[in-house]
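Some notes on the structure that comes next.
To find a chain, count down the sequence lines: A is the first, B the second, and so on, and within it residues start at 1. Note that the structure is a prediction, hence the values are computed from the model and not measured.
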Amino acid sequence: MSSPRVRFAPSPTGFLHVGGARTALFNWLYARRTGGTMVLRIEDTDRERSTDAHTQVILDGMTWLGLTWDEGPFFQGENAERHGADAEQLLASGAAYRDYTTPEELTAARERVTRTGATFRYRRAEMELPADEQARREEAGRPHAIRFAIPDEEIAWEDAVHGTISWQGRDLDDFIILRSDGSAIYNLAVVSDDIAMEITHVIRGDDHISNTPKQVALYRALGHTPPVFAHVPMILGTDGKKLSKRHGATAVGDYQDLGILPAAMRNFLALLGWSPGNDDEVLPEAEMIARFTLEAIHAKPAVFDTTKLEWMNGQYLSMLAADELLPPVERELLRMGVTAPGRDIRPLIDAVKARSRTIGQVAEQVAVRLDGTRVVRDDKGVALERKMGERFGSSIALAHAALSGVADADWNAPRIEIVLRDVAEQAALKLGDLMQPVRVALTGGTVSEPVPELLAVVGRESSLARLGLHAGH
RNA sequence: GCCGCUAUCGUCUAGAGGCCUAGGACACAGCCCUCUCAAGGCUGGAACACGGGUUCGAAUCCCGUUAGCGGUACCA
């Protein structure tokens with residue numbers, strides 16, 4: 001029993017869309033789960049719209065998500081010869097025929113039928129030119145397309161996510177498999193490639209369901225058994241419409257820029273349209289793989305909820321060690337123009353990550369702690385100072401004085417906490433009336449990690465300097 | 001129009017005839033914890049699209065309606 005072979009086959013006509021990313025993820029999960037092989041194939045037969053830049057972006061997106069492929073990337077455009085040969089075989093067996101109808105004739109015929117309110121179906125018997133005209137065009141070497149003669153029978157398959165799906169051949173056109181310029185049309189190219197690459201499981205978007213009966217027919221005519229199909233539903237925007245640019249971020253790269261962690265993105269995407277069968281939400285990669293089955297993929301489209309993604313990201317932010325967060329945070333800091341030569345910023349990451357939902361937020365808070373000039377008084381900070389009046393400055397002065405007495409060697413959270421609590425008690429201040437002004441002096445805002453930790457992480461020198469700016473005002 | 005797919009809280013979902021006065025999560029509201037916030041804990045509001053069957057019994061099976069989506073190309 002050979003192991004499964006799956007493929008992810010994006011066309012390089014745009015960025016890696018979250019829908020595509022999830023399809024890739026499901027392919028990857030299935031391959032990992034079954035010990036199978038994942039093939040990456042770039043479907044670049046649409047020369048007009050395909051670009052190398054897009055191909056690179058797709059590869060980068062997958063790499064960022066941690067979706068590794070075992071074979072490829074292969075480029076569909078390189079298989080033109082085989083596509084042609086398969087078309088020839090179909091022609092030879094009588095499963096396909098040459099179509100000399102010109103595009104104009106086709107359009108005219110289509111309009112004629114549509115106008116009567118009927119449905120246009122391309123049928124050899126109805127469309128074929130009179131024998132003499134056909135012969136004339138053949139002799140003249142006129143350009144022609146090759147059409148597949150759709151059999152008039154039921155075409156059904158057992159879809160891994162939808163169950164039995166059945167079509168009637170009579171509802172399908174005799175479709176073109178080879179253009180008049182000799183290049184293959186999608187349906188032939190995919191089938192030809194999937195056969196050649198010995199793909200056993202085709203896991204792809206729902207929008208391909210209507211192509212599947214044509215492809216199944218092609219497999220049969222070519223003498224091959226169709227693979228297992230698993231059609232995964234679309235991802236929708238919050239308005240219930242197919243996710244598009246109007247919904248904001250739709251490319252995987254956008255989420256990287258937004259400060260989402262690959263692990264969180266993977267987890268979130270996996271749960272969009274698939275469920276492990278119970279209430280688990282945060283699933284480690286290994287468990288995701290161990291519990292993945294095609295049958296548990298839902299048949300119903302899902303709405304992409306950015307809020308929940310950010311919650312998920314927050315979960316990972318809390319869970320992951322500062323070590324693992326260091327690279328993306330450093331990248332973000334660099335982008336912000338913040339450098340800290342020789343400084344270990346991991347303690348700063350640990351101090352702020354629990355209160356952040358994105359890497360961007362982590363980096364911002366780290367930057368403020370690193371560099372006093374980045375402290376900006378926010379609305380709540382301003383409001384607090386206004387509310388406290390003179391007590392604002394006097395509290396800071398008190399803290400400043402007491403903290404000045406703490407030696408650099410003793411500058412740690414537990415020690416600072418003792419000093420601060422002591423000050424509050426001596427001055428008969430509520431703890432909050434001492435802590436909050438200090439917090440505002442150090443960060444500009446009223447929200448942060450516990451004040452002693454904050455002071456420890458900012459460091460003695462910088463903390464005292466920041467407090468000094470406000471003491472007594 | 002025709003063909004196909006889908007239908008549980010606002011959203012992601014559990015549910016594969018009795019365990020369901022439908023469970024969890026996000027979001028929302030309240031409370032607790034607390035120097036603030038986040039996290040965490042507790043509490044609350046919130047759903048089986050509709051109509052027929054089948055069955056002792058239906059969110060679960062069947063049919064229809066409605067709605068949404070996809071396709072209907074010498075695009076992928």
Side-chain angles (χ1 to χ4, degrees), chain A residues 9-13 43-46 48-50 76 99 101-103 106-107 110 114 117-122 143-147 159 161-162 165-168 170-173 175-181 183-187 189-190 205-213 231 233-234 236 238 240-242 268 271-282 298-312 314-315 317-318 352-357 380 384 417 420-421 424 429-440 443 445-452 454:
Chain A
S11 48
T13 54
E43 310 216 316
D44 57 349
T45 48
D46 185 351
E48 300 277 296
R49 298 188 296 149
S50 300
Q76 188 159 63
D99 172 19
T101 327
T102 64
L106 192 56
T107 308
R110 205 192 307 275
T114 311
T119 302
F120 177 78
R121 288 268 109 85
Y122 194 105
H144 61 279
I146 295 182
R147 273 186 200 269
D159 197 279
V161 347
H162 292 275
I165 298 184
S166 161
W167 294 67
Q168 294 301 327
R170 75 180 77 94
D171 290 326
L172 268 16
D173 280 279
F175 57 98
I176 291 185
I177 53 178
L178 218 58
R179 296 185 183 88
S180 44
D181 67 0
S183 65
I185 286 290
Y186 175 72
N187 284 311
V190 189
D206 228 348
D207 48 338
H208 285 289
I209 286 186
S210 51
N211 283 319
T212 309
H231 286 101
M234 312 262 81
L236 273 23
T238 40
K241 302 265 187 250
K242 187 174 169 179
F268 176 75
L271 255 33
L272 206 59
W274 173 76
S275 162
N278 65 0
D279 294 333
D280 292 347
E281 301 268 350
V282 180
H298 299 136
K300 176 190 141 182
V303 174
F304 192 93
D305 180 5
T306 314
T307 309
K308 190 157 184 179
L309 202 213
E310 289 190 354
W311 165 78
M312 180 72 78
Q315 295 291 308
L317 241 26
S318 302
V352 305
K353 71 192 178 85
R355 261 159 301 271
S356 306
R357 287 201 152 187
K380 294 223 173 117
L384 182 82
E417 175 150 15
L420 253 21
R421 283 187 185 272
L429 276 174
K430 280 196 293 182
L431 201 51
D433 285 342
L434 177 66
M435 297 294 201
Q436 282 298 65
V438 171
R439 175 150 25 225
V440 171
T443 67
T446 56
V447 171
S448 84
E449 62 272 39
V451 168
L454 172 65

Does [X] reach a base, just sugar-phosphate, or nothing at all? Heavy atoms under 4.0 Å.
X        : result
A:Pro213 : nothing
A:Asn211 : base
A:Ile185 : sugar-phosphate
A:Ser11  : sugar-phosphate
A:Pro233 : nothing
A:Val451 : base
A:Ser448 : base
A:Glu281 : base
A:Ser183 : nothing
A:Gly445 : nothing
A:Gly205 : nothing

Rounded distance (Å) that lies between atom [atom2] of [N] and atom [atom1] of [X]:
X        : N     : atom1 : atom2 : value
A:Asp171 : B:G1  : CG    : P     : 16 Å
A:Lys353 : B:A38 : NZ    : P     : 17 Å
A:Lys308 : B:C9  : NZ    : P     : 14 Å

Answer yes or no: does a side-chain N or O of [X] lie under 4.0 Å from OP1 or OP2 of [N]?
X        : N     : value
A:Arg357 : B:A27 : yes
A:Lys300 : B:U8  : yes
A:His231 : B:U6  : no
A:Arg355 : B:U36 : no
A:His208 : B:A76 : no
A:Thr307 : B:A27 : no
A:His298 : B:U6  : no
A:Arg170 : B:C2  : no
A:Thr45  : B:A76 : yes

A:Arg179 side chain: which of B:C5, B:U36, B:A76 is closest?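 That would be B:A76.
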
Are any of the side-chain heavy atoms of A:Leu309 and A:Phe304 separated by less than 4.5 Å? yes

Both distances below 3.5 Å, Watson-Crick or wobble geometry, any strand: find the nucleotide opposite [N].
N     : value
B:A29 : B:U43
B:U6  : B:A67
B:U72 : B:G1
B:C48 : none
B:C37 : none

[X] versus [Y], closest heavy-atom pair with distance:
X        : Y        : answer
A:Asp181 : A:Ser183 : OD1-OG, 2.7 Å
A:His162 : A:Ile209 : NE2-CD1, 3.8 Å
A:Arg147 : A:Leu106 : NH2-CD2, 3.7 Å

Nearest-nucleotide wise, let me know which of A:Ser210 and A:Gln168 is further upstream toward the 5' end of RNA chain B.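 Whichever sits nearer the 5' end wins; that is A:Gln168.
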
For A:Leu431 and A:Leu271, take the nucleotide of RNA chain B holding the closest heavy atom to each; which residue's nucleotide lies nearer the 5' end? A:Leu271

Is it true that a side-chain atom of A:Lys353 and a backbone atom of A:Leu317 form a donor plus acceptor pair closer than 3.5 Å?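 Yes, the answer is positive, given that a donor and an acceptor are paired below the 3.5 Å cut-off.
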
Okay, side chain of A:Asp159, backbone of A:His231: is any donor-acceptor separation there less than 3.5 Å?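 Yes, A:Asp159 side chain to A:His231 backbone: donor-acceptor pair under 3.5 Å.
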
